[in-house]
Amino acid sequence: MPELPEVESVRRGLATWLTGSTITRARVLDARILGTTSARNVPAERVVSFERALAGVRVVSVERRGKYMWMPLVSGGLAGDGEAAEVGERALAMHLGMSGQARIHEADNPLHPHTRAVFDVAGPAGVAQLRFVDQRIFGHLGVERLVPGVAGAAGERRLVAESARGAGLDPFEDGFSVPVVARAIARKNVAIKSALLDQRVVSGVGNIYADEALFEAGVHPATRASRLRISRIERVLEAASDVMARALEVGGTSFDALYVNVNGESGYFERSLQVYGREGQPCVRCSTPITRVVLGGRSTHVCVKCQKPQRLR
DNA sequence: CAGCAGACCTGTTGGC
DNA sequence: TGCCAACAGGTCTGCT
């Protein structure tokens, strides 16, 4: 569900509430949230060690690369810190998947039935509760080591949570280079849309913003990346960056209550979408009805007049 | 290694 | 009203 603008909206909210705060207690209500979509069997010891690892730690910051978030941790100064050697080497990792929400509540608020984990936090602003709510459980939580991520354009590597190790830089990061990424995409023998969705190449772009970027750049989603001119791919990347920046300004895209920020508020970018979810409606440029096709197993929205198969290399 | 299909979940919506 | 199929913003694994 959430793509870069939505995750960044959540990250900002979490940063406001959690930076410098101490997690006084962590509780896992559904162990599957600690697994992955393909490794659902989470042993009870993992739940115990997750909860134990977080009790009493302090949140240093809230970081993000693409759709991956993580919070570097330090020992919160509780007694008996025999694990001082690990201070600063671990983070609470959080991925929202398709339906994950991070919500800040007062502790006595009723729990939503899809709440999978609850964190009591205490900070300068008082006490509150961070709740991870996830209807479909495609999201993920974990205490992970911090490791060097992929190298940016200048070769520098930021420390990232282990699950984000393979994610490429996102378009909002320092060091993201449109020409470098465009050349990487040009080497791929897949539909340009599939390349945009490959988080190893550029992270943060999901199904909505891929369709929007390709419309804005006038490129048909099924065009093989390897056959497009580099300048065309660069234009697609710039469009992706632009559309995601505009979406972030209005809090992201919400179709329903499944995407909300930490305060439960929806974003307003849905009204600005030009093709996504507009099957059968007139193209904003030429009035041709928008068509929906399936590409790489994902719904894909295209104006066949504005997005002709491209002039090729 | 690259590319693709399928699996992982729960809920909503639309057609008959 | 009921039932069933299709669909949903993502990622991981295992197979060619």
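Since the model is a prediction, treat every value here as computed from it, not as a measurement. Throughout, protein chains are lettered first and strands after them, A, B, ... in sequence-line order, and every chain is numbered starting at 1.
- Rounded to whole Å, atom P of B:dT10 lies 7 Å from atom CZ of A:Arg116.
- Between the side chain of A:His140 and the main chain of A:Gly35, a donor-acceptor pair closer than 3.5 Å is present.
- Contact annotation: A:Gln199 does not reach the phosphate of C:dG10 (side-chain N/O to OP1 or OP2, under 4.0 Å).
- With DNA chain C read from its 5' end, the first of the two nearest nucleotides for A:Tyr68 and A:His301 is the one closest to A:His301.
- Closest to the A:Arg292 side chain, of the nucleotides C:dG9, C:dC7, B:dG3, is C:dC7.
- Salt-bridge formation is detected for the pair A:Arg246/A:Glu216: a Lys NZ or Arg NE/NH1/NH2 atom is positioned less than 4.0 Å from an Asp or Glu carboxylate oxygen.
- Within the 4.0 angstrom heavy-atom criterion, no nucleotide atom of any strand lies near A:His140.
- Among the nucleotides C:dG9, C:dC7, C:dT11, the one closest to the side chain of A:Met98 is C:dG9.
- As rounded to whole Å, 6 Å separates atom P of B:dC9 from atom CZ of A:Arg32.
- The phosphate of C:dC12 has neither OP1 nor OP2 within less than 4.0 Å of any side-chain N or O from A:His95.
- Taking side-chain N and O atoms only, A:Arg298 has a distance below 4.0 Å to OP1 or OP2 of C:dG9.
- Rounded to whole angstrom, the span from the CZ atom of A:Arg200 across to the C1' atom of B:dG3 amounts to 9 Å.
- Of the candidate nucleotides B:dG3, C:dG9, C:dC12, B:dG3 has the atom lying nearest to any side-chain atom of A:Asn189.
- Within the structure, every side-chain polar atom (N or O) of A:Arg136 is placed at least 4.0 Å from both OP1 and OP2 of B:dC8.
- The separation between A:Asp30 atom CG and B:dT10 atom P is 8 Å, rounded to whole Å.
- Side chains of A:Arg131 and A:Thr115: no donor on one and acceptor on the other come within 3.5 Å.
- Rounded to the nearest Å, the gap between the P atom of C:dG9 and that of B:dG3 is 23 Å.
- A sub-4.0 Å separation between OP1 or OP2 of B:dA2 and a side-chain N or O of A:Lys188 is absent.
- The nearest whole Å value for the distance from the CD1 atom in A:Ile137 to the P atom in C:dG10 is 18 Å.
- Using a 4.0 Å heavy-atom distance criterion, A:Gly297 is classed as making no nucleic acid contact.
- Between A:Lys67 and A:Asp170, no side-chain nitrogen of the basic residue sits less than 4.0 Å from a carboxylate oxygen of the acidic one, so the salt-bridge criterion is not met.
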Under the 3.5 Å Watson-Crick or G-U criterion, the dot-bracket string of DNA chain B, with | for inter-strand pairs: .|||||||.|||||||
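- Candidate nucleotides C:dG9, B:dC4, C:dC12 were compared by shortest atom distance to the side chain of A:Ser38, and C:dC12 ranks first.
- Distance CG (A:Leu197) to P (C:dG10): 7 Å, rounded to an integer number of Å.
- With centres under 5.5 Å and a plane angle under 30° as the test, the ring of A:Phe138 is not stacked against the base of C:dT11.
- Taking a 6.0 Å sphere around CZ of A:Arg40, one finds it holds more than 12 heavy atoms contributed by other residues, nucleotides or ligands.
- Spacing between atom CG of A:Leu258 and atom P of B:dT12 amounts to 9 Å, rounded to whole angstrom units.
- One atom, CD of A:Gln101, and another, P of C:dG10, lie 15 Å apart when rounded to the nearest Å.
- An OP1 or OP2 oxygen of C:dG9 is reached within less than 4.0 angstrom by no side-chain nitrogen or oxygen of A:Tyr209.
- Annotation: B:dC9 and C:dG14 have their P atoms spaced 15 Å apart (nearest Å).
- Nearest to the side-chain atoms of A:Ser299 among the listed nucleotides B:dC8, C:dC7, B:dT10 stands C:dC7.
- Checking B:dG11, C:dG10, C:dG9 against the side-chain heavy atoms of A:Thr37 singles out C:dG10 as nearest.
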Should A:Tyr68 and A:Val160 be marked as a side-chain contact (heavy atoms from CB on, under 4.5 Å) after you check the CA-CA gap, both sets of side-chain angles, and the distance that decides it? CA-CA 9 Å; A:Tyr68 295 84; A:Val160 303; over 6 Å; no
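- Closest approach to the A:Arg224 side chain among C:dG9, B:dC4, B:dC8 is made by B:dC4 (side chain taken as heavy atoms from C-beta onward).
- To the nearest whole angstrom, the two P atoms, one in B:dA7 and one in C:dA5, are 16 Å apart.
- Formation of a donor-acceptor pair under 3.5 Å by the A:Arg200 side chain with backbone atoms of A:Val202 is not found in this model.
- Ion pairing of A:Glu8 with A:Arg11 is present here, as a side-chain N (NZ or NE/NH1/NH2) and a carboxylate O approach within less than 4.0 Å.
- Contacts classified as ring-ring contact (aromatic ring centres under 6.0 Å, His included) and involving residues 274-309 of chain A (residues at least two apart or in different chains) are given here: A:Phe255-A:Tyr276, A:Tyr276-A:His301.
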